[in-house]
Amino acid sequence: MELKKLVCETSVDLYKVKSLIIIFIATAMLFTLGGMAYVKNRENQKLLPWLSEHYSVMALTQNTEERPILDKQKLLETIAREQKNYMLMKQYVTTDVYAVYDTTGKFFDLKIRKGRTFTKKDFMLGTDTAIVSSLNEEDCIKRNGSLWWKYQQKWYRVIGIYEGKDQYGEERSSNYINLTSHNLNGDVLDGTYVYDAYSKTEEYVNHFSEKIMKRYPGAVLDNGMYGDPSVKEFSNRGDNFNAMFLLLMMTALLVLIDSFTVCYNWIQARKKEIGVRRMVGAEKRDIYRWIFKRYYALMIGSFVAGIGCVKIFLEAASKLPVAHSVQLMFGNRISAESIVLGFGLISVLSFLVLLITLSQYHRKEIVGNL
């Protein structure tokens with residue numbers, strides 16, 4: 001009878017442990033996916049993924065009847081007086097083409113698969129050069145040993161081809177040309193520009209905007225910083241992220257809330273062991289420390305298992321008709337940042353669950369021996 005009772009108690013204990021592990025794994029999966037969605041969406045919110053968190057989008061318009069007239073060289077010189085280290089790009093919205101000017105060679109950060117990126121020499125000499133996406137390589141022609149790409153009836157020598165798929169597997173088909181190219185000398189200055197000088201962006205863009213509009217009365221330069229509503233209109237991403245992300249987080253919280261009962265039962269299954277430890281001289285803080293260690297050991301092990309489940313989910317989803325939707329929401333890989341976010345969330349919330357559960361035990365004198 002004693003053996004049968006022991007087996008029954010062990011089975012109940014294992015059941016309670018399994019229930020807690022399942023709760024942790026489910027929560028780990030949801031929070032990790034939430035972290036992936038957050039990281040992915042943050043990149044999507046940017047006009048281009050390699051821009052800093054501080055870039056500005058500017059709309060330049062000019063009344064050519066006013067004198068003096070602002071031209072491209074004067075624009076670059078005015079900006080350079082404020083800050084020599086910056087990147088300026090003109091966006092040709094309808095054709096997904098950007099004209100680039102980078103004073104350092106560090107801002108314009110593309111993964112070049114073949115060839116090279118723009119150099120200071122290209123910008124200084126105004127070379128008619130371009131960097132194209134590997135997805136657009138077939139639009140180029142080979143002539144005299146070089147690859148050439150045609151834009152607005154003018155030819156640009158292709159100096160580099162970058163990888164058309166990013167780290168999440170998403171396609172990027174933008175092409176880039178030299179902003180100082182001789183081919184663009186007759187180009188209309190009006191348009192959308194992207195300015196990036198890292199943390200100093202806002203300070204510098206306000207300074208040179210004022211100077212431009214003072215010196216050139218016909219020029220109007222409106223700007224918005226990354227994250228402003230005025231900047232989001234330049235992104236071509238969907239607007240359903242917030243609703244999907246909220247649903248994901250609410251589901252994770254509901255699962256975690258259910259863990260109160262499971263955690264309560266898990267501690268109750270250790271009531272006898274707690275009593276024995278108290279009898280042999282263990283202090284209250286020692287017992288609490290032991291409970292927390294056991295609890296977090298289960299949580300960490302379950303979190304690792306949860307990451308494995310997320311990998312399986314992504315692999316399975318890639319073979320289903322919903323593959324594109326899943327990729328847009330989460331990407332196709334688990335980044336270190338998403339793991340840190342997921343683990344941070346589950347650690348803090350799990351701590352609160354255990355703390356509240358222990359206080360309930362104390363009030364109900366279930367662990368009165370503590």
Considering all heavy atoms of both residues, which atom of [X] and which atom of [Y] are nearest to each other, and what is their separation?
X	Y	answer
Ala219	Ile212	CB-CG2, 4.1 Å
Leu75	Leu189	CD2-CD1, 4.3 Å
Asn183	Trp155	ND2-O, 3.0 Å
Lys90	Asp187	NZ-OD2, 3.1 Å
Ala197	Tyr195	CB-OH, 3.7 Å
Phe303	Ile339	CZ-O, 3.6 Å

Exercise for the section: Check whether the side chains of Ser174 and Asp96 place a donor and an acceptor atom closer than 3.5 Å, and report yes or no. Expected result: yes

Problem - Under 3.5 Å side-chain donor-acceptor pair for Asn144 and Ser146 - result: no

How about [X] and [Y]: are their ring centroids closer than 6.0 Å?
X	Y	result
Phe108	Tyr176	yes
Phe343	Phe31	no
Trp290	Tyr288	no

Exercise for the section: Please check if Val304 and Leu345 belong to a single hydrophobic cluster, counting links between Ile, Leu, Val, Met, Phe, Trp and Tyr side chain heavy atoms closer than 4.5 Å. Expected result: no

Handout entry: Same apolar cluster (I L V M F W Y, side chains within < 4.5 Å links), Met87/Ile112
Key = yes

Problem - Flag if over 12 foreign heavy atoms under 6.0 Å of NZ, Lys150 - result: yes

Please check if the side chain of [X] supplies one atom and the backbone of [Y] the other of a donor-acceptor pair under 3.5 Å.
X	Y	value
Trp149	Ala130	no
Ser338	Gly35	no
Gln62	Asp190	no

Exercise for the section: Walk me through it: do Tyr98 and Asn175 pass the test side chain to side chain contact (heavy atoms under 4.5 Å, CB included)? Expected result: CA-CA 6 Å; Tyr98 296 86; Asn175 291 337; over 6 Å; no

Practice task
Applying side-chain hydrogen bond (donor to acceptor under 3.5 Å, both in side chains), run through Asn136 and Ser173 and close with a yes or a no.
Solution key: CA-CA 7 Å; Asn136 301 327; Ser173 57; 5.0 Å; no

Exercise for the section: Quick one: sort the Tyr151 and Tyr92 rings into parallel, tilted or perpendicular, breaks at 30° and 60°. Expected result: perpendicular

